[in-house]
Protein chains: 2
Amino acid sequence: MLEWVERLAKYCADQDGVPLIAGRVLGWLMICDPPEQSAQQIATAIGASRASLSTNLRLLSSVGFVRVLTKPASRTVFYRVDDDAWEKVVQRQIASLAAVGKILHDGTPLAGSSPNHGGRIAAANEVFRWMQQIFDNAPPLPSTARAAKESQG
Amino acid sequence: MLEWVERLAKYCADQDGVPLIAGRVLGWLMICDPPEQSAQQIATAIGASRASLSTNLRLLSSVGFVRVLTKPASRTVFYRVDDDAWEKVVQRQIASLAAVGKILHDGTPLAGSSPNHGGRIAAANEVFRWMQQIFDNAPPLPSTARAAKESQG
DNA sequence: CACAAATTTCAGTCTTTACTGAAACAGGTC
DNA sequence: GACCTGTTTCAGTAAAGACTGAAATTTGTG
């Protein structure tokens, strides 16, 4: 349970520069029962300070990772992972690659066009064109597909 | 010229956590003439200390971003961006997504399977299956395609 | 072997960032 | 308006990391 949470958290921290605690929150919210929890509950579960939870929950909300819920007769706020949280991650990463692709594309004229000169950047552009093409031809994302299905039948 | 270098460097630093100077080196090596340069040349070009170049060139080499060259009658070492540097970036990013996918997959049993319980992680798994499928069906990378073409005729 | 050129390592400074406890704040209830 | 309950902000601490100048090391040359 908590080992798995730690595994995901560590991954987030090491690879994506996400604060460790934010990663733990995320991990916890992926598997906790019930899926929506108060800041206090999460703090207790993962062993972090209440203040830290505030910071990290704000972070996770701002990037659309967790959704904030309020229950009718309660004044505490509950948090849960957004259903399309990971879809956003993937989209973000793809967008990120596209952004680098654009920068490199913009740099092409700077590298000149002599034989062994433009080679570097030409190769780079090729890769990003390849990627773009893949995503252009890709089937719709699961959530999109699901939405289409429901509206249709 | 240097503005473009800075743009790429900033991107690397902000988005990927690459040290700013490593980003500058990378940017410079993408467009400089000639494509291979000594550490001293790079240091001068981007305005960084020689020591910092040593550190960052080692970093860039270790991740396969730049290739180290030695010229016959010279004892200085030259660096240039590897031709498939950006292909590696893309592959790395894809691999990274796959790794998260695996972690989430491993976490599936922890979330239980009750209706609104397994939903979060099931949605996540869907997204990563979608991604895997895309890359499984994708055409070969440009470099691979090129290699195949040459060996064939 | 002495030298010179080029590179790496080291110690130190400086900046950034994560985290916490304590204080301030907001929203209801009596 | 006093008083909970729960949340956010703030100031301070601690740790990590990037960068640099100077010393040490490697590598080639006469």
Side-chain angles (χ1 to χ4, degrees), chain A residues 2 5-6 8-29 34 36-63 65-80, chain B residues 2 5-6 8-29 34 36-63 65-80:
Chain A
L2 280 180
V5 171
E6 198 61 22
L8 180 64
K10 196 150 179 36
Y11 188 91
C12 293
D14 290 350
Q15 303 288 318
D16 299 335
V18 173
L20 193 56
I21 296 205
R24 292 208 184 103
V25 171
L26 192 56
W28 177 250
L29 285 179
E36 44 274 326
Q37 308 234 326
S38 73
Q40 182 57 63
Q41 285 178 298
I42 304 173
T44 309
I46 68 175
S49 80
R50 190 60 195 70
S52 196
L53 260 285
S54 180
T55 304
N56 285 285
L57 282 172
R58 185 141 26 91
L59 169 65
L60 289 173
S61 306
S62 75
V63 296
F65 242 110
V66 310
R67 185 176 296 280
V68 180
L69 301 172
T70 55
K71 287 191 178 179
S74 159
R75 67 189 111 172
T76 86
V77 181
F78 290 84
Y79 301 88
R80 61 167 297 168
Chain B
L2 281 178
V5 170
E6 199 61 23
L8 180 63
K10 196 150 178 37
Y11 188 91
C12 293
D14 291 350
Q15 302 290 317
D16 300 335
V18 174
L20 193 55
I21 296 208
R24 292 207 184 104
V25 172
L26 192 57
W28 177 250
L29 285 179
E36 45 275 326
Q37 307 233 328
S38 72
Q40 182 57 64
Q41 284 179 299
I42 305 173
T44 309
I46 67 174
S49 79
R50 189 59 194 70
S52 196
L53 259 285
S54 181
T55 305
N56 284 286
L57 282 172
R58 183 142 26 91
L59 170 65
L60 289 173
S61 306
S62 76
V63 296
F65 241 109
V66 309
R67 184 175 296 280
V68 180
L69 302 172
T70 55
K71 289 190 178 179
S74 158
R75 66 188 114 176
T76 83
V77 185
F78 289 83
Y79 301 87
R80 62 167 295 166

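Labels below follow one simple rule: chain letters A, B, ... track the order of the sequence lines, proteins then strands, and each chain is numbered from 1. All values reported here derive from a predicted model rather than from experimental measurement.
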Spacing of [X] atom [atom1] and [Y] atom [atom2] [to the nearest 0.5 Å]:
| X | Y | atom1 | atom2 | value |
| --- | --- | --- | --- | --- |
| Trp28(A) | Leu2(A) | CH2 | CG | 6.0 Å |
| Ile42(A) | Leu29(A) | CD1 | CG | 4.5 Å |
| Arg24(A) | Leu8(A) | CZ | CG | 11.5 Å |
| Leu69(A) | Thr76(A) | CG | OG1 | 10.0 Å |

ask   = Backbone N or O of Ser52(B) within a donor-acceptor pair of the Asn56(B) side chain at under 3.5 Å?
value =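 Checked: pair present.
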
inquiry  = Under a 3.5 Å distance rule, please check whether Thr44(A) uses its side chain to pair with a backbone N or O of Gln40(A) as donor and acceptor.
reply    = yes

Restricting to non-hydrogen atoms, name the atom on [X] and the atom on [Y] that form the minimum distance, rounded to 0.1 Å.
| X | Y | value |
| --- | --- | --- |
| Ala22(B) | Leu59(B) | CB-CD2, 4.2 Å |
| Val66(B) | Leu57(B) | CG2-O, 4.2 Å |
| Gly27(B) | Val5(B) | C-CG2, 3.9 Å |
| Gly23(A) | Val18(A) | N-CG1, 4.0 Å |

request  = State which residues pass salt bridge (charged side-chain N to carboxylate O under 4.0 Å, His left out) with Arg67(B); sequence neighbours excluded, sorted by chain then number.
outcome  = Asp82(B)

request  = Can you check each nucleotide of nucleotides 23-30 of chain C against protein heavy atoms at under 4.0 Å and return B for base, S for sugar-phosphate only, - for none, in 5' to 3' order?
outcome  = ----B---

remark   = Scoring nucleotides 12-20 of chain C by protein non-hydrogen atoms under 4.0 Å (B base, S sugar-phosphate only, - none) yields ------SSB

request  = Could you check if a side-chain atom of Ile21(A) sits within less than 4.5 angstrom of a side-chain atom of Val25(A), using non-hydrogen atoms only?
outcome  = yes

remark   = side-chain contact (heavy atoms from CB on, under 4.5 Å) filter on Gln41(A), not counting sequence neighbours, yields Gln37(A), Ser38(A), Phe78(A)

inquiry  = Tell me the bend of the helix from dC1(C)-dG30(D) to dC30(C)-dG1(D) as the angle between end helix axes, each from five pairs, rounded to the nearest 10 degrees.
reply    = 0°

query = Earliest and latest nucleotide of DNA chain D, 5' to 3', sitting under 4.0 Å from a non-hydrogen atom of chain A?
reply =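 Counting from the 5' end, contacts occupy dC4(D) to dT9(D).
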
query = How long is the line joining CD1 of Ile42(B) and P of dA6(C), in whole Å?
reply = 15 Å

key: OP1 or OP2 of dT9(C) under 4.0 Å from side-chain N/O of Arg58(B)   = yes

